[in-house]
Amino acid sequence: EPEVTQTPSHQVTQMGQEVILRCVPISNHLYFYWYRQILGQKVEFLVSFYNNEISEKSEIFDDQFSVERPDGSNFTLKIRSTKLEDSAMYFCASSATGGDVTYGYTFGSGTRLTVV
Amino acid sequence: LAKTTQPISMDSYEGQEVNITCSHNNIATNDYITWYQQFPSQGPRFIIQGYKTKVTNEVASLFIPADRKSSTLSLPRVSLSDTAVYYCLVGDAGGGADGLTFGKGTHLIIQP
């Protein structure tokens, strides 16, 4: 079964530093997403990306966040100046047509970001 | 976006059938019902999706009554590894740009 791959699995960074979280979506998928889950809380939508541009973003996705698809395979989330409250699991997801009826959205295993 | 309500937690035993019901009174005509499963420190995993009546795949069944105001995820003969959080989501199956809205889900605990 195809997978969404995320690296690193765990990242520790100092407050104020920039971090880049990396994802390799499923190769024939067209929509890409980032979600986050603060420990013990709900999974929250951050941003969707299609045709090399942001399609939708939530209130959480403010100016300190950016996404990029630098080549044909990677999809990255950059947090410019991390804050303590950015500590969370970050999940990348992809879908074939924005929600394939058979397979839904495929999520990666996540990157646990710890800001100290 | 239709609001969903599901039990916060459920307990069952290995080998039993587990049914988790989700209420979605304000479901729209073009909304689909989708269930995801999440293990600790892992991303949600798609289980099943349906629009009406019954849908079955290799892991679960989804029962949707005619009024579509609720749905029931049925897990046959559960095992310890089915301990997870189960989310009921209602929305446009086409998804696209709109992100998924997850609730708190149902924490299912399977005991030996």
Side-chain angles (χ1 to χ4, degrees), chain A residues 1-6 9-10 23 25-26 29-51 53-61 67 88-113, chain B residues 1-6 8-9 22 28 30-62 64 71 73 84-107:
Chain A
E1 189 176 320
E3 289 184 345
V4 173
T5 306
Q6 290 188 244
S9 57
H10 192 185
C23 168
I26 293 173
H29 281 187
L30 301 176
Y31 286 86
F32 313 114
Y33 312 83
W34 284 100
Y35 289 79
R36 79 169 185 193
Q37 187 174 32
I38 295 170
L39 186 64
Q41 297 189 25
K42 296 187 285 188
V43 177
E44 300 173 293
F45 168 73
L46 293 179
V47 66
S48 61
F49 191 86
Y50 171 74
N51 201 25
E53 61 183 21
I54 290 174
S55 298
E56 290 290 336
K57 58 184 180 179
S58 71
E59 290 177 354
I60 303 169
F61 194 88
V67 290
M89 283 287 283
Y90 288 81
F91 296 109
C92 173
S94 69
S95 70
T97 56
D100 180 84
V101 173
T102 307
Y103 299 110
Y105 299 75
T106 303
F107 285 79
S109 294
T111 293
R112 180 174 298 284
L113 176 66
Chain B
L1 208 65
K3 180 175 158 54
T4 60
T5 303
Q6 51 183 123
I8 292 174
S9 65
C22 178
N30 60 349
D31 282 344
Y32 279 72
I33 300 149
T34 312
W35 285 80
Y36 282 82
Q37 173 193 57
Q38 186 181 27
F39 298 115
S41 299
Q42 292 190 29
R45 184 176 76 101
F46 173 89
I47 302 175
I48 197 166
Q49 184 177 71
Y51 182 80
K52 61 180 179 180
T53 63
K54 178 184 172 184
V55 180
T56 297
N57 62 21
E58 61 275 9
V59 298
S61 295
L62 178 60
I64 306 167
S71 59
L73 174 72
V85 179
Y86 292 81
Y87 299 99
C88 165
L89 282 74
V90 171
D92 185 354
D98 295 337
L100 299 173
T101 299
F102 287 84
K104 294 184 179 178
T106 297
H107 190 187

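Naming convention: chains lettered A, B, ... in sequence-line order (proteins, then strands); numbering from 1 in each chain. Remember, predicted model here, so these are calculated numbers, not experimental data.
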Under a 4.5 Å heavy-atom cutoff, which of A:Arg112, A:Lys57, A:Gln37 has the most pairs with chain B?
A:Gln37
Tell me, for A:Phe49 versus chain B, whether the close heavy atoms (under 4.5 Å) come from the side chain, the backbone, both or neither.
neither
Can you find a heavy atom in the side chain of A:Phe107 that is under 4.5 Å from one in the side chain of B:Leu100?
yes
Measure the shortest side-chain to side-chain distance between B:Tyr36 and A:Val43 over non-hydrogen atoms and say whether it is less than 4.5 angstrom.
no
Proximal component of B:Tyr87, with respect to chain A [non-hydrogen, under 4.5 Å]
side chain
So what's closer than 4.5 Å to chain B heavy atoms on A:Phe91: side chain, backbone, both or neither?
side chain
